[in-house]
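So the structure is just underneath, and the comments pick up after that.
If you're wondering where the values come from, they're calculated on a predicted model, not measured in any experiment.
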Amino acid sequence: MVMRNILSSKGVLPLSYHDKYETNKKWAESAYTEKDYDVAVNRYYYSIFQGILHILAERKVPVKKVSGEGSHNITAEAFANEFFCGHKAFRDRSKFNTDFQLLKKIRCEGDYDESHINDFRAKDAKTAYESIKKLLNK
């Protein structure tokens with residue numbers, strides 16, 4: 001896969017959240033095919049995270065930007081609060097929360113543990129990614 005040139009004479013050109021979502025999705029799929037599961041899971045996670053940011057920005061939902069542990073949970077919660085309201089959405093919200101936390105957990109294992117993600121764990125992460133992607137596209 002060829003990385004597109006995102007530099008200008010003034011520095012880095014801004015990518016939209018949607019561009020980042022698409023780019024991370026492509027890298028994730030390529031890494032998964034190559035059985036580079038640590039990279040694949042990391043890129044699946046960030047593809048979803050950028051997709052969430054894109055939807056929130058597109059709908060002008062304010063998100064408090066914080067850094068540090070748990071910062072992504074705040075963004076995911078803002079998304080869930082906005083898009084899974086009411087009794088009928090309870091199942092989707094629950095599925096989103098479960099899958100997002102699973103994908104995040106496996107991503108952290110790949111990023112911070114010395115051992116590598118195996119094919120079974122990678123499949124779990126990919127399944128969670130696909131499930132969240134369906135919810136984002138509803």
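For an aromatic pair to be called close, the ring centres must be under 6.0 Å apart, and Tyr129 with Tyr45 fails this. For Tyr37 and His116, the distance between ring centers is not under 6.0 angstrom. Between Phe83 and Phe79, the ring center distance clears the sub-6.0 Å criterion.
Nearest heavy atom pair, residue Ala122 against residue Val41, reads CA-CG2, 4.3 Å. For the pair Ile106 and Ala125, the tightest heavy-atom approach, listed with the atom from each and the gap, is CD1-N, 3.8 Å. Here the shortest heavy-atom pairing between Lys123 and Tyr32 reads CA-OH, 3.8 Å. Between Cys85 and Asn81, the shortest heavy-atom distance links the atoms SG-O, 2.7 Å. Minimum interatomic distance between Ile55 and Leu136 (heavy atoms only, all atoms of both residues): CD1-O, 3.7 Å.
Relative orientation of the Phe96 and Phe100 rings is parallel, given thresholds of 30° and 60° on the angle between their planes.
At a threshold of 4.5 Å between side-chain heavy atoms, the hydrophobic network of Ile, Leu, Val, Met, Phe, Trp and Tyr places Ile117 and Val39 in two separate groups.
Of the candidates Lys134, Lys133, Lys126, Glu130 forms a salt bridge (charged side-chain N to carboxylate O under 4.0 Å, His left out) with just one, namely Lys133.
Salt bridge present: Lys105 and Glu109 bring a charged side-chain N and a carboxylate O closer than 4.0 Å. We find that Asp99 and Lys95 are joined by a salt bridge, their nearest charged nitrogen and carboxylate oxygen being less than 4.0 Å apart.
In summary, the side chains of Arg43 and Asn24 do present a donor paired with an acceptor at a separation below 3.5 Å, with no hydrogens or angles considered. In this model, a donor atom of one side chain and an acceptor atom of the other lie less than 3.5 Å apart for Asn73 and Gln101.
Take Asp124 and apply the side-chain hydrogen bond (donor to acceptor under 3.5 Å, both in side chains) test, not counting sequence neighbours, and it matches no residue.
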Evaluate side chain to side chain contact (heavy atoms under 4.5 Å, CB included) for Arg59 paired with Glu82, printing each intermediate quantity in order.
-> CA-CA 10 Å; Arg59 303 213 180 151; Glu82 183 70 22; 5.8 Å; no
